[in-house]
Amino acid sequence: MSKVLRPLDVAVALNIAFRPNPTFATLAADVGISQSTAHQAVIRLVGAGLVRSERKRYQANLAALEEFLLHGVRYAFPAQREARRRGVPTAHSAPVFRHELDSDVDPVVWPSAKGTVVGAAVAPLLDTAAELPGRRPDLYDALALVDALRIGTARDREVAARLLSEQLQLVAT
């Protein structure tokens, strides 16, 4: 099995940060992946040092995860704006930015027939990301912030970095 991180590993790591010590069944249900995919992701994350393992209990290495998200994710998993489509708002268009940025300008979306916004499509890090607003709003917000780091302007990235750091600091306490 490859130990190279995959895009979906970002969502798995964030989920573990928000809900430490999950079972693989819980992790899979939260993220919307199979249990075997969750297990493989955790192995890759432990190998990368983004998750710690002790007696089959898993916790995010919050300092390493924050460093990777703020400084590495946009290079490891670059995003490109594609043709306009209907979808779920992400990056600066997501509700998490409501009080920070003008989210109606040049919207960005994860393509989804159930989406409410038309904007430039961007491939999500997680295939099931468009389902997260109803199921895991905290994970949705975090992945939208990560997308702002991947595709946003300098101002978008600055605001996203601050908000994401705040989220991770909250789970650390």
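For the atom pair His71 NE2 and Leu149 CG, the distance stands at 9.5 Å (nearest 0.5 Å). The CG atom of Leu65 lies 11.0 Å from the CZ atom of Arg52; values are rounded to the nearest 0.5 Å. With rounding to the nearest 0.5 Å, the separation of CG in Leu168 from CG in Leu62 is 6.0 Å. Taking CD from Gln167 and CG from Leu163, the interatomic distance works out to 7.5 Å, rounded to the nearest 0.5 Å. Rounding to the nearest 0.5 Å gives a distance of 8.5 Å between OG1 of Thr26 and CD of Gln35. Between the CG atom of Leu145 and the OG1 atom of Thr90 there is a distance of 8.5 Å, given to the nearest 0.5 Å.
When all heavy atoms of Arg86 and Ala113 are compared, the pair lying nearest together is CD-O, 3.8 Å. The shortest non-hydrogen separation linking Val88 to Ser112 is CG2-CB, 4.2 Å. The two residues Ala142 and Leu14 have their closest heavy-atom pair at CB-CD1, 3.9 Å. Here the closest non-hydrogen pair linking Pro89 and Ala94 is O-CB, 3.9 Å. Nearest heavy atoms, Arg84 versus Val118: NH2-O, 3.4 Å. Between Arg150 and Pro78, the closest heavy-atom pair is NH2-O, 3.5 Å.
Residues Ile16 and Val42 meet the side-chain proximity criterion, which asks for heavy atoms closer than 4.5 Å. Two residues are said to be in side-chain contact when any heavy atoms from C-beta on lie closer than 4.5 Å; Leu27 and Tyr58 fail this criterion. Looking only at side-chain heavy atoms (C-beta outward), His92 and Val108 come within less than 4.5 Å of each other. Val146 has its side chain within reach of Leu164: a pair of non-hydrogen atoms, C-beta onward, lies under 4.5 Å apart. Taking 4.5 Å as the limit, some side-chain heavy atom of Arg44 sits within range of a side-chain heavy atom of Leu8. By the 4.5 Å heavy-atom criterion applied to side chains, Trp110 and Leu126 are not counted as neighbours. Val117 has its side chain out of reach of Ser93: every pair of non-hydrogen atoms, C-beta onward, lies at least 4.5 Å apart. Proximity of Pro95 to Tyr140: side-chain heavy atoms (C-beta onward) are separated by under 4.5 Å at one or more points.
Within a 6.0 Å radius of CD in Glu67, no more than 12 heavy atoms belonging to other residues, nucleotides or ligands are found. With a 6.0 Å radius and a threshold of 12 heavy atoms from other residues, nucleotides or ligands, Asn21 has its CG atom above the threshold.
Between the Arg135 side chain and the Asp30 main chain, a donor and an acceptor come within less than 3.5 Å of each other. Proximity of a side-chain donor or acceptor of Asn15 to a complementary backbone N or O of Val12 within less than 3.5 Å is not detected. Asp9 contributes no side-chain N or O that, together with a main-chain N or O of Leu45, makes up a donor-acceptor pair within less than 3.5 Å. A donor-acceptor distance shorter than 3.5 angstrom exists from the side chain of Thr128 to the backbone of Val31, with no hydrogens or angles considered.
Judged as a side chain to side chain donor-acceptor pair (under 3.5 Å), and not counting sequence neighbours, Arg6 has no contacts.
Each of Phe77 and Val109 belongs to its own hydrophobic cluster when Ile, Leu, Val, Met, Phe, Trp and Tyr are linked at side-chain heavy-atom distances under 4.5 angstrom.
Between Glu166 and Arg162 there is a salt bridge, with a side-chain nitrogen of the basic residue lying less than 4.0 Å from a carboxylate oxygen of the acidic one.
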